[in-house]
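Accompanying notes for the structure given below.
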Amino acid sequence: MLTTRPRGTSDIIPGEVETWQYLEREVRRICSEYGYAEIRTPVFEHTELFLRGVGDTTDIVEKEMYTFIDRGDRSITLRPEGTASAVRAYLEDKLYAGPQPVKLFYTGPMFRYDRPQAGRFRQFHQFGAEVFGSHDPAVDAEVMAMTMDFYGRLALKGLELHINSVGCPACRPALRSKLREFFLPHIGALCPNCRDRFEKNPLRILDCKEGPCRKLGANAPATVDCLCEDCHSHFESVKKHLDLLDLPYQVNRRLVRGLDYYTHTAFEIMARDIGAQSSIGGGGRYNGLVETCGGPSTPGIGYALGMERIILAMKSQGITTPGISGPDVFVVTAGQAAASEAFRLLFKIRGSGISADKDYLNRSLKAQMKYAGKAGAKFVVIIGEEELAQGVARVRNMDSKEQVTVTSGEVVDYLADKVKYRHNTYLQEDTIK
RNA sequence: GUGGGUAUAGCUCAGUUGGUUAGAGCACCAGAUUGUGGCUCUGGGGGUCGUGGGUUCGAGUCCCAUUACCCACCCCA
């Protein structure tokens with residue numbers, strides 16, 4: 001146990017972390033372009049927030065929360081999702097008092113006590129965004145377009161945007177009773193889970209994957225057939241705005257998201273090639289949530305994307321991301337006499353903004369060269385007795401094998417010049433994805 | 001919470017019907033005449049065979065339990 005990480009968690013080690021850093025860069029870039037500001041909230045909250053926010057009949061709350069009592073006898077829960085916290089902060093930090101609408105994004109770890117499998121972990125990471133304060137269907141479209149834009153920037157292909165409207169408090173009671181009416185004669189044929197859902201939330205029966213429930217559900221009244229005037233026109237307008245952007249989507253009448261707070265628009269993005277857990281992102285409108293959490297009636301909409309699943313999809317599509325990058329310069333010495341000079345030079349190089357390193361294992365010149373090559377150093381600076389005596393250093397370009405002699409006074413400037421050039425090309429490579 | 005599969009070196013895996021000091025490739029380290037990397041060659045370090053019990057003269061190999069991981073169900077990112 002001492003050397004085993006907790007189940008469903010993972011270490012992101014050098015070689016992998018560069019992919020995460022790249023994704024996080026892209027997240028910040030797109031959010032700034034779309035006008036979303038970052039918010040950082042605690043990874044744990046009072047349990048009540050999630051009970052209220054996420055909904056106490058959802059699977060997340062019923063069986064997946066990491067909840068514990070702290071030393072002050074408070075019930076604390078590791079956040080299973082980001083929206084509830086964003087809503088809490090919106091209220092607590094009085095963001096409603098600022099210019100509206102309020103557009104926020106976050107990235108970070110979420111926690112759900114699930115059995116791990118492909119694409120599912122107990123600690124996983126989401127990038128999410130929320131918009132508070134606007135009813136405009138154009139915002140629904142913006143939010144969906146933004147997710148698809150993000151995937152597109154990562155060069156992901158073949159994703160499907162599924163959308164639906166799950167109604168609002170005005171039309172949902174009618175829908176519920178219609179569904180109950182429909183399923184009542186067949187209640188015996190439903191799976192045990194759905195018999196439970198029949199009472200609590202018959203909407204979710206539509207989402208069931210069990211054969212019999214699925215068959216029955218195919219002919220059941222769908223949410224889109226029972227929408228009130230308001231919901232209907234909202235949904236139509238959302239679709240119109242998606243069309244304006246030429247954004248392909250499919251209306252999925254069965255799409256009912258697992259969180260209770262959704263109203264009007266619900267959407268989900270599916271990837272076909274990442275195993276059984278094919279959803280790589282989803283979201284929807286939650287016009288009642290802020291009020292449920294004790295705030296003024298405020299419309300809201302948001303989404304969350306699963307970082308691990310994005311990485312899975314990228315891998316299975318053969319998309320490469322920046323890897324580990326070696327030092328710009330590696331300082332190699334020959335003989336003890338050069339050691340002091342090399343050590344000083346190393347720090348001078350670093351001081352000019354160039355990444356540099358040297359051997360600390362007392363290795364032979366050959367071994368130092370070998371290491372520099374494996375570490376991916378772009379240049380090697382060699383100092384031996386001969387160079388010391390002449391007041392020079394050899395600078396070797398590891399790619400071209402070209403080696404020049406530079407006076408010790410000019411070494412740093414010489415390297416700075418070469419490396420600056422490399423940095424520019426590196427930045428360009430970095431952007432192509 | 002339920003089901004199936006797997007567990008031998010840092011990694012990927014061999015390991016005959018149970019039989020002596022458990023192997024390979026890759027990786028790591030060091031050398032190949034005295035100061036130059038990627039290729040090649042030689043050598044070296046590294047394994048309580050997941051853990052605990054059992055059967056047996058003898059278990060990496062058979063049996064039981066346990067843990068971890070993987071995959072799937074439920075559900076979600």
Side-chain angles (χ1 to χ4, degrees), chain A residues 1 3-10 13 15 54 57-65 79-83 107-128 147 191-194 196-197 204 207-211 213 255-259 268-271 274-283 303-313 326 330 332-338 359 361-388 394-403:
Chain A
M1 292 305 262
T3 54
T4 312
R5 61 183 171 261
R7 177 159 217 200
T9 64
S10 53
I13 59 177
V54 176
T57 64
T58 58
D59 276 21
I60 290 180
V61 168
E62 281 182 346
K63 52 179 200 183
E64 294 172 8
M65 291 212 302
R79 63 181 182 194
E81 58 106 49
T83 302
T107 60
M110 305 293 163
F111 306 85
R112 291 183 201 172
Y113 192 90
D114 244 0
R115 281 281 285 270
Q117 72 184 77
R120 189 166 63 201
F121 311 93
R122 290 186 172 179
Q123 177 179 135
F124 61 102
H125 297 77
Q126 287 187 335
F127 150 45
T147 66
C191 71
N193 238 322
C194 281
D196 204 38
R197 288 175 179 145
R204 300 275 311 283
D207 207 25
C208 186
K209 271 84 182 176
E210 296 284 331
C213 308
L255 178 64
V256 179
R257 312 238 334 131
L259 284 65
E268 199 160 320
I269 299 95
M270 314 287 253
I274 58 170
Q277 309 305 317
S278 56
S279 166
I280 64 169
Y303 63 79
L305 314 185
M307 303 293 266
E308 283 85 355
R309 290 184 186 177
I310 287 174
I311 292 172
L312 266 181
F330 195 84
V332 162
T333 59
Q336 274 305 305
D359 172 68
L361 293 177
N362 229 319
R363 283 190 266 221
S364 67
L365 176 79
K366 190 187 177 83
Q368 292 178 58
M369 289 299 296
K370 206 171 171 179
Y371 176 82
K374 268 184 294 203
K378 284 90 186 178
F379 292 90
V380 161
V381 174
I382 304 161
I383 305 177
E385 323 226 335
E386 200 180 309
E387 288 77 13
L388 265 189
R394 320 280 177 200
V395 178
R396 182 181 179 86
N397 181 321
M398 292 298 272
D399 290 329
S400 66
K401 296 177 157 183
E402 190 184 352
Q403 190 164 308

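Protein chains get the first letters and strands the later ones, always in sequence-line order, with residue 1 at the start of each.
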Within 45° cone and under 6.0 Å: A:Arg396 NZ/CZ vs A:Phe379 ring
no
How close or far is atom P of B:U2 from atom OH of A:Tyr113, stated in whole angstroms?
11 Å
How would you summarise protein contacts on nucleotides 26-39 of chain B per nucleotide, using B for base, S for sugar-phosphate only and - for none, with heavy-atom distances below 4.0 Å?
--SSS----BBBB-
Output yes when A:Arg115 and A:Glu64 qualify as a salt bridge under the 4.0 Å nitrogen-oxygen rule, no when they do not.
no
Pairwise C1' distance, B:C57 and B:C70 [rounded to whole Å]:
39 Å
A:Asp114 CG to B:G1 C1', straight-line distance once rounded to whole Å
10 Å
Taking only the P atom of each, what is the distance from B:C41 to B:A24 in whole angstrom?
15 Å
Are the side chains of A:Thr147 and A:Leu305 in contact, using a 4.5 Å heavy-atom criterion?
yes
A:Leu365 side chain reached by A:Val332 side chain, heavy atoms, under 4.5 Å:
yes
Mate of B:G37 where both pairing distances stay under 3.5 Å, Watson-Crick or G-U:
none
Length of the CD1-P vector between A:Ile274 and B:A77, whole Å
12 Å
Using the C1' atom as the reference point in each nucleotide, state the distance between B:G47 and B:U12 in Å, no decimals.
16 Å
Contacts of A:Ile280 and A:Arg120 projected onto RNA chain B by closest heavy atom; the upstream (5') one is A:Arg120
Can you tell me how far C1' in B:U61 sits from the matching atom in B:G18, rounded to whole Å?
6 Å
Please name the nucleotide paired to B:U61 by Watson-Crick or G-U wobble geometry with both distances under 3.5 Å, or report none.
none
Any side-chain heavy-atom pair of A:Arg122 and A:Pro6 under 4.5 Å
no
Is B:A30 paired to anything, Watson-Crick or G-U wobble with both distances less than 3.5 Å, and if yes, which nucleotide?
B:U42
Mind checking whether A:Arg79 and A:Pro109 have side chains closer than 4.5 Å, heavy atoms only?
yes
For the P atoms, the ones on B:G1 and on B:G19, what distance do you get once it is rounded to whole angstrom?
40 Å
Rounded distance in Å between the P positions of B:C49 and B:G43:
27 Å
Heavy-atom side-chain proximity of A:Arg309 to A:Gln126 below 4.5 angstrom:
no
Could I get a table of every N or O pair under 3.5 Å where one atom is in the protein and the other is in nucleotides 69-71 of chain B?
{"from": "B:C69", "atom 1": "OP2", "to": "A:Arg7", "atom 2": "NE", "distance (Å)": "2.8"}
{"from": "B:C71", "atom 1": "OP2", "to": "A:Ala118", "atom 2": "N", "distance (Å)": "2.9"}

Going by purine N1 to pyrimidine N3 plus the second Watson-Crick contact, or the G-U wobble pair, all under 3.5 Å, which nucleotide sits opposite B:U66?
B:G50
Under a 4.5 Å cut-off applied to non-hydrogen side-chain atoms, are A:Tyr371 and A:Phe330 in contact?
yes
B:G3 pairs with which nucleotide, Watson-Crick or G-U wobble, both distances below 3.5 Å?
B:C71
Same-atom distance (P) from B:A32 to B:U17, integer angstrom:
47 Å
B:G60 and B:U16, which share atom name P, separated by this distance in whole Å:
12 Å
Taking the side chain as every heavy atom from C-beta outward, state whether A:Thr333 and A:Gln368 have any atom pair closer than 4.5 Å.
yes
Compare all side-chain heavy atoms of A:Ser279 with those of A:Glu268 and state whether any distance is below 4.5 angstrom.
yes
